[in-house]
Amino acid sequence: MKNYTFSGLTRYWWVPLITGLICIGLGIWTLCSPVESIKILAYAFAVCFAAAGIFYIVFSCMASRFTSDWGWGLAMGILEVIGGVWLLMLPAPQLEVAFIYIVGFWILFAAISSVSVAFAMPGGGAWTVWAVLLLIATIIFGVIFLTNPLAGGVAVWIWLALSLIVFGVYRLVFAGRLKTLREDTDGLL
């Protein structure tokens, strides 16, 4: 029996590529930014967070034509847009605190929801194992980040950066897997 879960979906392989690059970029910026630039980082994150949500919504809406499993992606995109807009509307002192918690919970939610995507991909095997290991690492870094973010000082930025970078790498691997599936099936998937 043929699996049509990803039928036509692989043509949008570039959407997770863009969101992965955004996550990696934010992770690297987090490593390079001193703690005193938190306001700039929080505003930049809010803009990127909303933009990634828009990409996720577009990806999910396009996927709705090919699969019935597009609702979680749409929900994730809506949450990211709401979170980004909400962050942009906060005064700077509240933005700093909200930024830390929203990022931590976003990382956990995104990694947990991505585990189901990794298992649903056709072809499984080694790709699924690596994808799930990257997502477990993301979840671990996210939990460490959230356990005491305000008292962690500089260490909190290391855990945040690692969480974003590892999740971004997962998204790049996912995009590569979608592109490979598209090429292997001549665009049928």
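Any value given below was found using the heavy atoms of this structure, including those in side chains, with hydrogens, waters and symmetry copies removed. Treat the numbers as computed from the prediction; the structure is a model and nothing was measured.
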For Leu21, what residues pass the side-chain contact (heavy atoms from CB on, under 4.5 Å) criterion, not counting sequence neighbours?
Leu17, Leu172

Phe109 atom CZ: more than 12 heavy-atom contacts under 6.0 Å
yes

Under the rule for side-chain contact (heavy atoms from CB on, under 4.5 Å), what residues qualify as partners of Pro91, not counting sequence neighbours?
Pro93, Gln94

Ile112 and Val143: same hydrophobic cluster, using ILVMFWY side-chain contacts below 4.5 Å?
yes

Quick one: do Leu31 and Ile22 end up in the same hydrophobic cluster if we chain Ile, Leu, Val, Met, Phe, Trp and Tyr together by side-chain heavy atoms under 4.5 Å apart?
yes

Any side chain to side chain donor-acceptor pair (under 3.5 Å) involving residues 48-58? Give me the pairs, sequence neighbours left out, ordered by first then second residue.
none

Testing the basics here: between Trp29 and Ala44, what is the closest heavy-atom pair and its distance to 0.1 Å?
CZ3-CB, 2.8 Å

With Glu183 via side-chain contact (heavy atoms from CB on, under 4.5 Å) - residues at least two apart
Lys179

If every non-hydrogen atom of Leu74 is compared with every non-hydrogen atom of Cys61, which pair is closest and at what distance?
CD1-SG, 4.3 Å

Students often mix this up, so state it plainly: with edges at 30° and 60°, are the rings of Tyr12 and Trp14 parallel, tilted or perpendicular?
perpendicular

Can Trp86 be reached from Val47 by stepping across I, L, V, M, F, W or Y side chains whose heavy atoms are under 4.5 Å apart?
yes

Hey, can you pull the donor-acceptor pairs under 3.5 Å for the side chains in residues 131-141, sequence neighbours left out?
from	atom 1	to	atom 2	distance (Å)
Thr138	OG1	Leu134	O	2.9

In chain order, what residues pass the side-chain contact (heavy atoms from CB on, under 4.5 Å) check against Ala75, with sequence neighbours excluded?
none

Output all residues satisfying ring pair (Phe, Tyr, Trp, His ring centres under 6.0 Å) with Phe49, sequence neighbours left out; order by chain, then residue number.
Phe45, Trp106

Using a 4.5 Å cut-off on heavy atoms from C-beta on, say whether the side chain of Val169 contacts that of Val166.
no

Measuring from Ile57:CD1 to Leu79:CG, what's the distance to the nearest 0.5 Å?
9.5 Å

Find the distance between CD1 (Ile165) and CD1 (Ile28) and round it off to the nearest 0.5 Å.
5.5 Å

Please find the pair of heavy atoms, one from Phe59 and one from Pro16, that lie closest to each other, and give the distance.
CE1-CD, 4.3 Å

Using the rule that two of Ile, Leu, Val, Met, Phe, Trp, Tyr join whenever any of their side-chain heavy atoms come within less than 4.5 Å, decide whether Leu26 and Tyr101 are in one cluster.
yes

Non-hydrogen side-chain atoms of Cys23 and Phe167 separated by less than 4.5 Å
yes

So which heavy atom on Val81 is nearest to which on Ala50, and how close?
CG2-O, 3.6 Å

Pairing residues for Thr19 by the side-chain hydrogen bond (donor to acceptor under 3.5 Å, both in side chains) criterion, not counting sequence neighbours
Arg171

Please give me the minimum heavy-atom distance between Ala118 and Thr128, naming the atom from each residue.
O-OG1, 3.6 Å

Of all heavy-atom pairs between Met76 and Ala110, which one has the smallest distance, and what is that distance?
CE-CB, 3.2 Å

